[in-house]
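These notes concern the structure reproduced below.
Note that this is a predicted model, so its numbers are computed, not measured. Computed from heavy atoms alone, side chains included, the values below leave out hydrogens, waters and symmetry copies.
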Amino acid sequence: MIEAINLSVKIGSRQILKKINFTFQDKEKIAIVGPNGSGKTTLLRALGGMLPYMGEIILDGMEIRKYKRQDIAKLVSYVPQIFYTPYTFTVEEFVKMGKYVDIRNWWNAEEIDRYLDDVGILSLKARYVNTLSGGELQKVLIARALAQNPKIIMLDEPTSHLDPKAALEINKIITNLDKTVISVVHDLNAAYNLYSKIMVMANGEIFGIFEGKSQDFVDAISKIYGIQYEIMGNRFIVPRGP
């Protein structure tokens, strides 16, 4: 379980998050949606202990400030929106890095093939990460996150900049993860169809938390985006025509 109590983040003079409150249970899949600048990525980074904050974040019954950084990494993994490395690691070597939370000499980690196979990239294990396509690299990042064996995986716009086929493959992987997933999502249809809960944010606050397929969610996004959306065939959210 992860819980936020009056969670606030201020960077310089700017208040990014304003008294965020929620409780998410184990193995729930939560999408975070909202306009650019609403604090979505900041929220993920705070939940992962990567930013100073006010209020409380309770992870498995304990405030995360009381955890050592390595212990947080055993519970929470983070997949960033943008990743770049100038180093020529192979896919296998890169995924092995996820074992650093358990194994000091992570390069000696075994059983890495299972994580590569989970995301469908076992055939890429000898490739260099800086030669991969966007979709392939995203799968590698998820495999490394799985190698940490966390309870919670947080993803920041996991299908951003991907073509439709690659995005579908990533969304299928996320759907099949047997873990708590908290994901920043801009694809409203993916949020609507794939996640058990959707947190809608605006101006650093929670506008509402909704069940995945609900009219209340559609009404909320219509309000915060200023676009009238409607449900078509119980699967697609589309802007209402003139």
Exceeds 12 heavy-atom contacts within 6.0 angstrom, atom [atom1] of [X]:
X	atom1	answer
Met62	CE	yes
Asp117	CG	yes
Tyr128	OH	no

* Asked: Sub-3.5 Å donor-acceptor pair from the side chain of Thr159 to the main-chain atoms of Leu162, do we have one?
  -> no
* Asked: Backbone N or O of Ala220 within a donor-acceptor pair of the Tyr225 side chain at under 3.5 Å?
  -> no
* **Option passing side-chain contact (heavy atoms from CB on, under 4.5 Å) with Ile32 (candidates Val185, Ile182, Ile206)** => Ile182
* Honestly curious: do Leu43 and Leu155 fall in one hydrophobic cluster under the side-chain, below-4.5 Å linking rule? -> no
* Asked: Can you get from Leu137 to Phe94 by hopping between Ile, Leu, Val, Met, Phe, Trp and Tyr side chains that sit under 4.5 Å apart?
  -> yes
* Sequence-distant partners of Phe22, ring-ring contact (aromatic ring centres under 6.0 Å, His included), two or more places apart -> Phe24
* To do: Answer yes or no: is there a side-chain heavy-atom contact under 4.5 Å between Ile152 and Leu59?
  => yes
* To do: Side-chain contact test, heavy atoms from C-beta onward, threshold under 4.5 Å: evaluate it for Arg45 versus Thr42 and give yes or no.
  => no
Please list all pairs passing the salt bridge (Lys or Arg N to Asp or Glu O under 4.0 Å) test where one or both residues lie in [range], with sequence neighbours left out.
range	value
residues 187-214	Glu28-Lys197
residues 147-162	Asp26-Lys151, Asp60-Lys151
residues 14-23	none
residues 160-171	Lys139-Glu169, Lys165-Glu169

* Identify the heavy atoms of Gly34 and Lys40 that sit nearest to each other, and give their distance. => O-NZ, 3.0 Å
* Might you point out which heavy atoms bring Val200 and Ile224 nearest each other, and give the distance in Å? => CG1-CD1, 3.3 Å
Could I get the full list of side chain to side chain donor-acceptor pair (under 3.5 Å) partners for [X], not counting sequence neighbours?
X	value
Asp219	Gln215
Asn176	none
Ser222	none
Lys172	none

* Asked: Quick one: salt bridge (charged side-chain N to carboxylate O under 4.0 Å, His left out) partners of Lys29, sequence neighbours excluded?
  -> none
* With Arg65, which residues qualify under side chain to side chain contact (heavy atoms under 4.5 Å, CB included), at least two apart? -> Tyr53, Glu63
* Asked: For Ile58, what are the other residues in its hydrophobic cluster, where any two members join if their side-chain heavy atoms are less than 4.5 angstrom apart?
  -> Ile5
* Reported CD1-to-CD distance for the pair Ile174 and Gln138, which is rounded to 0.5 angstrom -> 7.5 Å
* Should the pair Phe217 and Phe210 be assigned to parallel (<30°), tilted (30 to 60°) or perpendicular (>60°) ring geometry? -> tilted
